[in-house]
Enquirer: 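Questions regarding the structure given below will be posed in turn.
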Amino acid sequence: MLRMVLSLTLLDPTGLAEVPQRSIPPRRVLTPDGDRLGYAPVARPYTGAQRLIGVLLGRDPVSGTTVLCGGAVIRSRSRSLVLTAAHCLYHDGRPLRQVVFLPGFDQGRPPFGVWPAVRTWVPDQWRGRPYSAELLPYDVGLVGVMRRGGTLEDATGPGLRPLATRRGTSLRGLDLLGYPAGRRYPGTRMYHCVGDAKEATTQGPGVLVTQNCHAPSGGSGGPAVYGEEVAGVVSSSSPMSDAAGFTVLARLGGRPFSRLLAGADTWMRRRQRS
């Protein structure tokens, strides 16, 4: 399985999802009415955990490129943190600026408002290093958001609890949620894919792989939801030409993520008091 992971590339959240062929064999598609990638639109209106999922937008200050990814409200004492992928907060190695989160985004409308970022966090392993497969287990990021009139969780309801799985964990029935963009996906509507995931490598915090979902561009950073908890974020996929495509999730296990979450939460609470 490690050999499979080393063949990955990060999903380009600014690219188009060109899918010339079915890349998930029909027998592996678990999502009701799932398409050739295993994905189907989420029924509207969004309810439950779906209200906590949204679009994360940022701008590269050099190229002017706008980056679109998924994100999710994660439960915290500050009630103001968004979970996403680390590579969704950088473009060509540069940290994005003007980052905003739009929870519950639906057909161009943000029902819970627009939430500007005041700070972002990624694991130390991600900083200042060119992308390599060794970074996949650390492809998680957090965004602290603020605006007048209350916290993010005041608007959306309590965030998803992190599910800190142990190495070697397998999870059946994960629900991958996000806003894929491209030829067959509008980027303005939430899609989901049901997948069974197993551990692919024990390096660092480890990663989970599902062969029931083949995440397209724009799906990066979307959460892998397990009940009312979040087990990881969409990080990477095999090439779209792969006839047996799969998706890799950076899982929320081990000390790197727990330290990241605790540090971000402490910083946000101090900012709220100032």
Side-chain angles (χ1 to χ4, degrees), residues 11-17 31 35 37 39-60 65-76 79-89 91 96-118 120 140-160 175-194 213 215-225 228 230 232-235 247:
L11 296 172
D12 180 1
T14 65
L16 296 180
T31 315
D35 63 13
L37 301 183
Y39 278 79
V42 172
R44 302 163 59 223
Y46 304 150
T47 60
Q50 299 162 0
R51 292 162 48 92
L52 306 172
I53 318 305
V55 166
L56 192 73
L57 297 171
R59 188 172 180 83
D60 182 341
T65 301
T66 297
V67 173
L68 179 151
C69 274
V73 184
I74 188 166
R75 191 168 301 190
S76 64
R79 299 170 58 82
S80 298
L81 291 176
V82 178
L83 175 71
T84 189
H87 80 264
C88 288
L89 301 175
H91 186 251
L96 298 180
R97 305 299 183 202
Q98 301 174 321
V99 176
V100 295
F101 179 60
L102 290 71
F105 190 68
D106 183 17
Q107 303 286 21
R109 175 176 167 267
F112 304 114
V114 177
W115 292 82
V118 292
T120 64
V140 295
L142 293 169
V143 181
V145 298
M146 287 185 71
R147 71 176 193 180
R148 293 182 180 180
T151 68
L152 176 61
E153 290 189 42
D154 288 336
T156 64
L160 294 168
D175 203 14
L176 281 58
L177 295 118
Y179 293 81
R183 182 179 177 184
R184 293 177 173 85
Y185 301 101
T188 59
R189 183 173 181 182
M190 192 184 304
Y191 280 70
H192 79 120
C193 182
V194 178
C213 306
S217 300
S220 294
V225 176
E228 295 298 318
V230 54
V233 297
V234 174
S235 170
T247 292

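The figures that follow rest on heavy atoms only: side chains count, while hydrogens, waters and symmetry mates do not. Values in this document were obtained by computation on a predicted structure and should not be read as measured data.
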Enquirer: Tell me every residue that passes side-chain contact (heavy atoms from CB on, under 4.5 Å) with Thr120, counting only those two or more places apart in sequence or in another chain.
Expert: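 If we apply the side-chain contact (heavy atoms from CB on, under 4.5 Å) test to Thr120, skipping adjacent residues, the hits are Leu89, Val143.
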
Enquirer: Check Arg44 against Arg189 and note the closest heavy-atom contact, atom names and distance.
Expert: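 Scanning both residues, the minimum pair turns out to be CD-NE, 3.8 Å.
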
Enquirer: Starting from the C-alpha separation in whole Å, work towards a yes-or-no answer on side-chain contact (heavy atoms from CB on, under 4.5 Å) for Asp60 and Leu96.
Expert: CA-CA 5 Å; Asp60 182 341; Leu96 298 180; 4.2 Å; yes

Enquirer: Kindly give the heavy-atom pair with the smallest separation between Thr31 and Cys193, and that separation in Å.
Expert: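 Smallest interatomic distance, heavy atoms only, reads OG1-CA, 3.4 Å.
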
Enquirer: Can you tell me how far CG of Leu81 sits from CZ of Phe101, rounded to the nearest 0.5 angstrom?
Expert: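 CG of Leu81 is found 11.0 Å from CZ of Phe101.
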
Enquirer: With salt bridge (Lys or Arg N to Asp or Glu O under 4.0 Å) as the test, would you mind laying out the steps for Asp35 and Arg184 before giving the verdict?
Expert: CA-CA 10 Å; Asp35 63 13; Arg184 293 177 173 85; over 6 Å; no

Enquirer: Would you check, one step at a time, whether the test side-chain contact (heavy atoms from CB on, under 4.5 Å) holds for Leu56 with Val99?
Expert: CA-CA 7 Å; Leu56 192 73; Val99 176; 3.9 Å; yes

Enquirer: At their closest point, which heavy atom of Gly159 faces which heavy atom of Arg75, and how far apart are they?
Expert: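 What the structure gives for the nearest pair is O-NE, 3.0 Å.
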
Enquirer: Let me see the working for His192 and Tyr39 under side-chain contact (heavy atoms from CB on, under 4.5 Å), right down to the final yes or no.
Expert: CA-CA 5 Å; His192 79 120; Tyr39 278 79; 5.6 Å; no

Enquirer: So, Ser220 side chain and Val234 main chain: donor-acceptor pair closer than 3.5 Å or not?
Expert: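 Side chain of Ser220 to backbone of Val234: no pair is present.
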
Enquirer: If I take atom CG from residue Asp106 and atom CD1 from residue Ile53, how far apart are they, to the nearest 0.5 angstrom?
Expert: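 That separation rounds to 13.5 Å.
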
Enquirer: Nearest 0.5 Å, please: how far is CG in Leu177 from CD in Gln50?
Expert: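 Rounded to the nearest 0.5 Å, the CD-CG separation comes out at 6.5 Å.
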
Enquirer: Looking at every heavy atom in both Ser76 and Ser80, which two are closest together, and how far apart are they?
Expert: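 Heavy atoms of Ser76 and Ser80 come nearest at OG-N, 3.7 Å.
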
Enquirer: Rounded to the nearest 0.5 Å, how far does CZ of Arg147 lie from CG of Leu152?
Expert: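 Taking CG in Leu152 and CZ in Arg147, the distance rounds to 8.5 Å.
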
Enquirer: State, to 0.1 Å, how close Ile74 and Glu153 come at their nearest heavy-atom pair, and which atoms those are.
Expert: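 Taking Ile74 first and Glu153 second, the nearest heavy atoms are O-OE2, 3.6 Å.
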
Enquirer: When rounded to the nearest 0.5 angstrom, what distance separates OG1 in Thr247 from CG in Leu37?
Expert: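 It is 8.5 Å, given to the nearest 0.5 Å.
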
Enquirer: For Val55 and Phe105, which heavy atoms make the closest approach, and how far apart are they?
Expert: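 Residues Val55 and Phe105, closest heavy atoms: CG2-CD2, 3.5 Å.
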
Enquirer: Are the side chains of Gln107 and Pro186 in touch, meaning some heavy atoms are under 4.5 Å apart?
Expert: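 Side chain of Gln107 against side chain of Pro186, heavy atoms only: no contact under 4.5 Å found.
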
Enquirer: What pairs with Tyr191 under ring-ring contact (aromatic ring centres under 6.0 Å, His included), at least two apart in sequence or on another chain?
Expert: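 Tyr191 satisfies ring-ring contact (aromatic ring centres under 6.0 Å, His included) with Tyr185 once adjacent residues are dropped.
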
